**Student:** 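Once you've had a glance at the structure underneath, I'll fire off some questions.
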There are 2 protein chains.
Amino acid sequence: MADPAQKSSDEPLIEPACAVFRRFLKQQGLKFTSERAKILNAVLSKSSVFEADQLLTEMRDVGHSVSRPTIYRTLKHLRHANIIRQVLIDAKQSHYQLSIGQDPQSYLVCIDTNEIFAVAAPEIDEFTRKICSDHGFEPVSHRLIMYGVSPKSQAAEDDESSGNEVLR
Amino acid sequence: MADPAQKSSDEPLIEPACAVFRRFLKQQGLKFTSERAKILNAVLSKSSVFEADQLLTEMRDVGHSVSRPTIYRTLKHLRHANIIRQVLIDAKQSHYQLSIGQDPQSYLVCIDTNEIFAVAAPEIDEFTRKICSDHGFEPVSHRLIMYGVSPKSQAAEDDESSGNEVLR
DNA sequence: CTTGCTGCAAAAGTTTTGCACACGT
DNA sequence: ACGTGTGCAAAACTTTTGCAGCAAG
């Protein structure tokens with residue numbers, strides 16, 4: 001967490017991310033439009049994992065009108081700019097996570113409620129490096145997803161088993 | 001050719017898996033049909049990760065005609081019977097992996113070729129248990145996906161960057 | 001002014017479902 | 001015989017794409 005000037009751990013570096021994105025776009029010959037700015041801001045406001053459609057709904061609720069295609073196109077650019085990453089927790093649709101501030105890359109998923117919690121698991125890093133080198137791989141990134149029963153669901157365990165599809 | 005009491009480590013326990021599936025189906029009031037048997041056998045022949053459509057194609061090539069809906073319906077039952085599990089490596093479609101013989105639950109994905117290698121990483125187990133308990137979760141299962149560059153791709157690194165979409 | 005961007009509508013892709021008929025128990 | 005399974009066709013769903021007008025550099 002070596003930041004150039006100041007380290008606010010609550011506000012997730014809004015200015016830098018915007019600068020990173022603008023630099024990336026310019027370098028690719030792409031344009032920084034108001035839609036892209038609004039989507040980036042919406043993304044920066046997410047503290048945990050989010051879905052494309054969720055983003056669209058929330059932006060429209062706030063009065064920002066963006067089309068679904070533009071959301072997807074911008075998410076793709078944000079991925080290539082290494083500002084967000086895809087998470088793949090659910091087979092139904094993609095999830096995304098901000099990756100520019102901190103990058104947990106580890107997730108706890110409750111198999112009852114489908115809630116997703118990003119958690120820190122720094123020890124995993126060295127293990128993945130070791131495994132990669134054992135197999136001759138050059139490590140790039142990794143993702144650890146753990147499925148289990150959240151404390152809340154353990155408490156409500158005697159209720160009807162909450163008709164949710166169990167994902168494993 | 002399979003005698004009741006013999007353990008070959010190459011053949012991945014065909015009889016047991018079939019028995020497990022039949023027991024599961026009976027217990028659920030479901031039926032063991034020839035299609036389900038054929039799909040189970042096709043699944044048991046897969047040594048690594050596979051896709052639903054791949055399974056369909058391979059079965060048809062061998063002369064077994066099954067419909068796509070039946071494949072999906074049967075895969076769902078196999079999941080609930082804990083014979084296979086979903087892997088979620090690619091946003092495009094689901095991947096599945098046999099989980100009844102051995103369960104690696106760790107994967108090396110080459111970001112150039114998209115090849116997927118299942119690898120053993122037993123040390124991860126105790127870490128995930130620790131992380132779960134740190135957060136009050138009751139651990140159920142987990143999955144570790146590592147992205148990197150395979151030895152083969154590192155060798156061919158100077159070629160054109162193989163127009164593949166990089167998944168992260 | 002040139003080039004890329006947006007929104008609409010529609011396409012593409014995987015996965016699911018309704019229904020009539022067939023099969024396992 | 002009963003109830004469940006199968007295949008077909010079509011729906012549902014997320015994500016992508018073609019195109020005409022619009023906006024950023």
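Within every chain, numbering begins at 1; the chains are lettered A, B, ... in the order of the sequence lines, protein sequences first and strands thereafter. What you are looking at is a predicted structure, and each value in this text was computed from that prediction instead of being measured.
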**Student:** Please report the shortest heavy-atom distance between A/R143 and A/V87, naming the atom on each side.
**Tutor:** NE-O, 2.8 Å
**Student:** Counting just side-chain N and O atoms, does B/T33 come under 4.0 Å of either OP1 or OP2 of C/dC23?
**Tutor:** no
**Student:** Within this structure, what is the CG-to-P distance between B/D90 and C/dT15, rounded to whole angstrom?
**Tutor:**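 Checked: the CG to P distance equals 10 Å.
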**Student:** Classify A/S34 by what it touches in the nucleic acid, base, sugar-phosphate, or nothing, heavy-atom distance under 4.0 Å.
**Tutor:**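 Contact class for A/S34: none.
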**Student:** Find the distance A/L75:CG to D/dT16:P and express it as a whole number of Å.
**Tutor:** 9 Å
**Student:** B/K26: which residues meet the side chain to side chain contact (heavy atoms under 4.5 Å, CB included) condition with it, sequence neighbours left out?
**Tutor:** none
**Student:** Nearest heavy-atom pair of B/P151 and A/G136: which atoms, and what distance?
**Tutor:**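 Closest heavy-atom pair between B/P151 and A/G136: CG-O, 3.4 Å.
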**Student:** Does B/K76 place a side-chain N or O at less than 4.0 Å from the phosphate oxygens OP1/OP2 of C/dT15?
**Tutor:**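 No, B/K76 has no side-chain N/O under 4.0 Å of OP1/OP2 on C/dT15.
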**Student:** Considering residues at least two apart in sequence or located in another chain, which fulfil the side chain to side chain contact (heavy atoms under 4.5 Å, CB included) criterion with A/F24?
**Tutor:** A/F21, A/Q28, A/H77, A/H80, A/A81
**Student:** What nucleic acid atoms does B/R36 come within less than 4.0 Å of, heavy atoms only: base, sugar-phosphate, or nothing?
**Tutor:** sugar-phosphate
**Student:** If every non-hydrogen atom of B/Q97 is compared with every non-hydrogen atom of B/S48, which pair is closest and at what distance?
**Tutor:**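 Looking at all heavy atoms of both residues, the closest pair is OE1-C, 4.1 Å.
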**Student:** What is the minimum heavy-atom distance between B/L88 and A/I89, and which atoms define it?
**Tutor:** CD1-O, 3.0 Å
**Student:** Report yes if at least one side-chain N or O of A/Y72 is closer than 4.0 Å to OP1 or OP2 of D/dT16; otherwise report no.
**Tutor:** no
**Student:** Return a table of donor-acceptor pairs under 3.5 angstrom between the side chains of residues 49-67 of chain A and protein atoms on other chains or two or more places apart.
**Tutor:**
residue, atom, partner, partner atom, Å
A/E51, OE1, A/Q93, NE2, 2.5
A/E51, OE2, A/H95, NE2, 3.4
A/D53, OD1, A/R68, NH1, 2.2
A/Q54, OE1, A/K46, NZ, 3.1
A/T57, OG1, A/D53, O, 3.0
A/E58, OE1, A/K46, NZ, 3.1
A/E58, OE2, A/K46, NZ, 3.1
A/R60, NE, A/V66, O, 3.3
A/R60, NH2, A/V66, O, 2.8
A/S67, OG, A/T70, N, 3.4
A/S67, OG, A/T70, OG1, 3.0

**Student:** Taking only heavy atoms on the protein side, list every residue of residues 24-32 of chain B lying under 4.0 Å from any atom of DNA chain C, sorted numerically.
**Tutor:** B/K31, B/F32
**Student:** How about A/F117 and B/F137: are their ring centroids closer than 6.0 Å?
**Tutor:**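 Ring centres of B/F137 and A/F117 closer than 6.0 Å.
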**Student:** Sequence neighbours excluded, which residues qualify as side-chain hydrogen bond (donor to acceptor under 3.5 Å, both in side chains) partners of A/K92?
**Tutor:**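 side-chain hydrogen bond (donor to acceptor under 3.5 Å, both in side chains) check on A/K92 returns nothing, list empty.
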**Student:** Would you kindly give the CD-to-P distance between A/Q93 and C/dT15, to the nearest whole Å?
**Tutor:** 14 Å
**Student:** Could you state the NE2-P distance from B/H77 to D/dT4, rounded to the nearest angstrom?
**Tutor:**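 These atoms are roughly 11 Å apart.
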**Student:** Measure across A/L40 and A/C18 and return the closest heavy-atom pair with its distance rounded to 0.1 Å.
**Tutor:** CD2-CA, 3.6 Å
**Student:** Could you check whether A/S65 gets within reach of a base, just the sugar-phosphate, or nothing at all, counting any heavy atom under 4.0 Å?
**Tutor:** sugar-phosphate
**Student:** For nucleotides 8-11 of chain C, which of its nitrogen or oxygen atoms have a protein nitrogen or oxygen under 3.5 Å away, and what is each distance?
**Tutor:**
none

**Student:** With nearest nucleotide decided by heavy atoms, which residue, A/V66 or A/K92, maps closer to the 5′ end of DNA chain C?
**Tutor:**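 Taking each residue's closest nucleotide, the earlier one in sequence belongs to A/V66.
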**Student:** Let me know the distance between CG of B/D53 and C1' of C/dA12, rounded to the nearest Å.
**Tutor:** 14 Å
**Student:** Would you mind classifying the nucleic acid contact of A/S94 as base, sugar-phosphate or nothing, using non-hydrogen atoms under 4.0 angstrom?
**Tutor:**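 Touches sugar-phosphate only.
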**Student:** Can you check the B/E51 CD to C/dG13 P distance for me, whole Å?
**Tutor:**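 Rounded to the whole Å, the gap is 14 Å.
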**Student:** State which of D/dG7, C/dG7, C/dT16 makes the closest approach to the side chain of B/E35.
**Tutor:** D/dG7
**Student:** Calculate the interatomic distance between B/L55 atom CG and C/dT14 atom P; express it in whole Å.
**Tutor:**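 In whole Å, C/dT14 P lies 14 Å from B/L55 CG.
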**Student:** Specify the separation, in whole Å, of atom CZ of A/R68 and atom P of D/dT17.
**Tutor:** 17 Å
